[in-house]
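Note on naming: letters A, B, ... go to the chains in the order of the sequence lines (proteins, then strands), and numbering restarts at 1 for each one. Below, all heavy atoms of this structure are taken into account, side chains as well, without hydrogens, waters or symmetry copies. Because the structure is predicted, anything quoted here is derived from the model rather than measured.
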Number of protein chains: 2
Amino acid sequence: MAEVAARAGVAKQTVSNVVSGKKVRPETLAKVNTAIAELGYKPNLVARSLRTGSTSTVGLFVPRVANPFYSEVVEEVENVLVGHGYNLLLATTRDDPDYTRAHLENLAARSVDALLVAGDNGVEQQLPMLVDAAFPVALCAWEGDAPTTLPVVSIDYEHAGFLAGRYLRDLGHRNVAVIADLPAHSPRVRGLRRAFADDGLAIDDRQVFACTRDDAAGGFAAGSAALEADPELTAIFATHDVLAVGAIESVVRSGRRVPDDVSIVGFDDISQVGQIQPALTTVTFPKREMAQQAVELLLRAVDSGRPPTNVLTLLRPTLTIRDSSAAPRATG
Amino acid sequence: MAEVAARAGVAKQTVSNVVSGKKVRPETLAKVNTAIAELGYKPNLVARSLRTGSTSTVGLFVPRVANPFYSEVVEEVENVLVGHGYNLLLATTRDDPDYTRAHLENLAARSVDALLVAGDNGVEQQLPMLVDAAFPVALCAWEGDAPTTLPVVSIDYEHAGFLAGRYLRDLGHRNVAVIADLPAHSPRVRGLRRAFADDGLAIDDRQVFACTRDDAAGGFAAGSAALEADPELTAIFATHDVLAVGAIESVVRSGRRVPDDVSIVGFDDISQVGQIQPALTTVTFPKREMAQQAVELLLRAVDSGRPPTNVLTLLRPTLTIRDSSAAPRATG
DNA sequence: TTGAAAGCGCTAACAA
DNA sequence: TTGTTAGCGCTTTCAA
């Protein structure tokens, strides 16, 4: 920069002004620009960051990237950030409080401008640190009790579960099983139960199968267990789509058909499940809208230099009916 | 830092030595550490980066994150980086040379320590810039002609296609269609063709269907077109799994069955396709090994301060046979 | 082993 | 509008 200034016959400050687009007399601007071009000068953003304390970088915490739900969130967050001229520093928490804390300290030391936390697993314990962070923090896809001290962009998980439950109930299903990632997804299960309870029907604890693994294999195992426990089963609600995919397999392997014998309803509407056989009926989670709103909330705070507006935004989930669900067969 | 030094009664330099784990007399160390604890001192990594020119941050370019192949790569890259104490700056190129260039300049200005580029689409044009970068660059999942100037960790795509082709040929399939993302995936198609050519069989251009969309819907459309063009079709090779999922749907929708009427073979072995119905036969791409090796290659270069060893590493793809493929029905 | 001084490249604040 | 000065927080250099 000093070289550029010397070559253009101006002060470093003037070069700085040119680079950051401040007001400069046109002829000075031209001189500086040619000097920049001739020397191939590129500003050093680390130095700028040290001086200004801001890095144009936003951190994002997700439990895992190779989970279709979160990979879509990551993609959308990056989209929005790039649109605003920000960078994405991605960290996976693995649902592990220790990882989360280590990453948090690292981000703080690197002075990121903001942090978005997606998913609540393993993060609850770090909430005090998040609140005290020197930069704006927002939470999204938060299913547990939302802290009142931080802005949250999420959906009403209980209502989302209710949508699935009401749908199955109205179709006439009575022998229903739930396969769930517990305790993480209990609000979804609660919503489903409420839908049946509204009609005087109870979903027993024995109808709820917790998955030991959070992947399709876990869904397969839980689905198989559910079918064995109640061979008369006519519907399965899986608390997320990946489990639902495993559940479909368990039904098919047992010699039953979907949806003729057993209906399956999932949760999330990850991009793949609309195309599998049978196309999955699921609760659609507006992931991209969520990511967008959360990032924009943060960037507004960054730009204004004030803490983010502390709101709880709940987007509306909807039910997307495809081919994996139908009314139960009339019991001859 | 000055405060800590003052409180401990030492020079700033000594504090620096303590923080970066250099040799310090035990009693001095203790004094400094208590001062650090009392003041809650946290080193400023931006300042360190300005001084040292290194940021403990590695850039990763992927075309898209919400593509199961790349999301697995991202996850593994992050894993390895965290294991080595590095951060991940993630950028999506969207297969767009302009985005790629902009991101590249940004990373350079932020002085990342290294850059890993996954996928070649839209990146070829930036190769000269990549070669000239001030930091180590490596390429992975590179399907086009690999540049000799940069290290590459990839697989032999042509051979991978050959594996799929040989398998289908040996099963006895003769009416085969290919649905492909072209021209990106032509090596895979070439390999398939070679397998058939070895047996004196030719795969005609009319049997190759280019997808207009790079998702399951594109696979569905291409699959439908293929079935219409040749109703006697007994096998479809899709150049990646997401297309294969769409192809399965097209077969089922046409009233045929997989694999009884039509076999489907995919490519990549993304984590979902082992669990769908029918479980997909596919060419397994050792993505995580690839990511690991590429990152470690880069970090070795960073640590040694020398350019990365310029090697071409080709991992071995394998064929994973599941339920979507079988011998063609004997034509009565 | 420790201390003092210098400077990484930039921008905020003020003066001209 | 432009130039000067100072300093962000750290590490490198050199001297004690």
Side-chain angles (χ1 to χ4, degrees), chain A residues 1-36 39-57 85 87 105-113 134-135 302 305, chain B residues 1-36 39-57 85 87 105-113 134-135 302 305:
Chain A
M1 187 164 194
E3 283 181 46
V4 174
R7 183 162 194 126
V10 300
K12 275 200 310 185
Q13 177 57 28
T14 307
V15 178
S16 171
N17 286 339
V18 169
V19 170
S20 41
K22 298 222 182 91
K23 284 213 174 305
V24 173
R25 206 194 317 145
E27 53 191 85
T28 320
L29 182 88
K31 269 195 305 188
V32 173
N33 273 333
T34 53
I36 286 178
L39 293 170
Y41 164 78
K42 294 273 164 24
N44 179 328
L45 299 187
V46 178
R48 176 182 294 172
S49 294
L50 174 60
R51 184 65 245 230
T52 62
S54 101
T55 50
S56 299
T57 298
N87 293 100
E105 288 182 353
N106 188 253
L107 292 193
R110 302 209 108 75
S111 39
V112 293
D113 290 346
F135 40 82
V302 172
Chain B
M1 188 164 193
E3 284 181 47
V4 174
R7 183 164 194 125
V10 299
K12 275 199 309 185
Q13 175 55 24
T14 307
V15 178
S16 170
N17 286 339
V18 170
V19 170
S20 40
K22 297 223 183 90
K23 286 214 173 305
V24 173
R25 207 195 314 147
E27 55 190 82
T28 321
L29 182 89
K31 268 195 306 187
V32 173
N33 273 333
T34 52
I36 286 178
L39 293 171
Y41 164 78
K42 293 275 162 28
N44 178 327
L45 299 187
V46 178
R48 174 183 294 174
S49 295
L50 174 60
R51 186 65 244 224
T52 62
S54 101
T55 51
S56 299
T57 298
N87 293 100
E105 288 182 352
N106 187 255
L107 292 193
R110 305 209 107 77
S111 39
V112 292
D113 290 345
F135 41 81
V302 172

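- The CG atom of A/Leu29 lies 9.5 Å from the OG1 atom of A/Thr34; values are rounded to the nearest 0.5 Å.
- Atom-to-atom distance recorded for B/Asp113:CG and B/Ser54:OG is 4.5 Å, nearest 0.5 angstrom.
- For B/Thr52, counting side-chain heavy atoms from C-beta on, the closest listed nucleotide (C/dG9, D/dT2, D/dT12) is D/dT12.
- To the nearest 0.5 angstrom, B/Met1 atom CE is 9.0 Å from B/Thr14 atom OG1.
- The stretch residues 10-21 of chain B touches DNA chain C through B/Val10, B/Ala11, B/Gln13, B/Thr14, each having a heavy atom under 4.0 angstrom from the strand.
- The main-chain N or O of B/Arg48 is found under 3.5 Å from a side-chain atom of B/Thr52 such that the two form a donor-acceptor pair.
- Phosphate proximity of D/dT11 to B/Arg48: present, with a side-chain N or O under 4.0 Å from OP1 or OP2.
- Under 4.0 angstrom from either OP1 or OP2 of C/dT2 there lies at least one side-chain N or O belonging to B/Thr28.
- Nearest nucleotide to the A/Tyr41 side chain, out of C/dC10, D/dG9, D/dT1: C/dC10.
- Residues B/Ala47 and B/Val24 both approach DNA chain C. Their nearest nucleotides, taken by heavy-atom distance, put B/Val24 toward the 5′ side.
- With rounding to whole Å, B/Lys22 atom NZ is found 9 Å from D/dT12 atom C1'.
- Within the 3.5 Å criterion, the main-chain N or O of A/Ser111 finds a donor-acceptor partner in the side chain of A/Thr55.
- The side chain of A/Arg51 places no N or O atom within less than 4.0 Å of a non-bridging phosphate oxygen (OP1 or OP2) of D/dG7.
- Between B/Asn44 atom CG and B/Arg51 atom CZ the span is 14.5 Å, to the nearest 0.5 Å.
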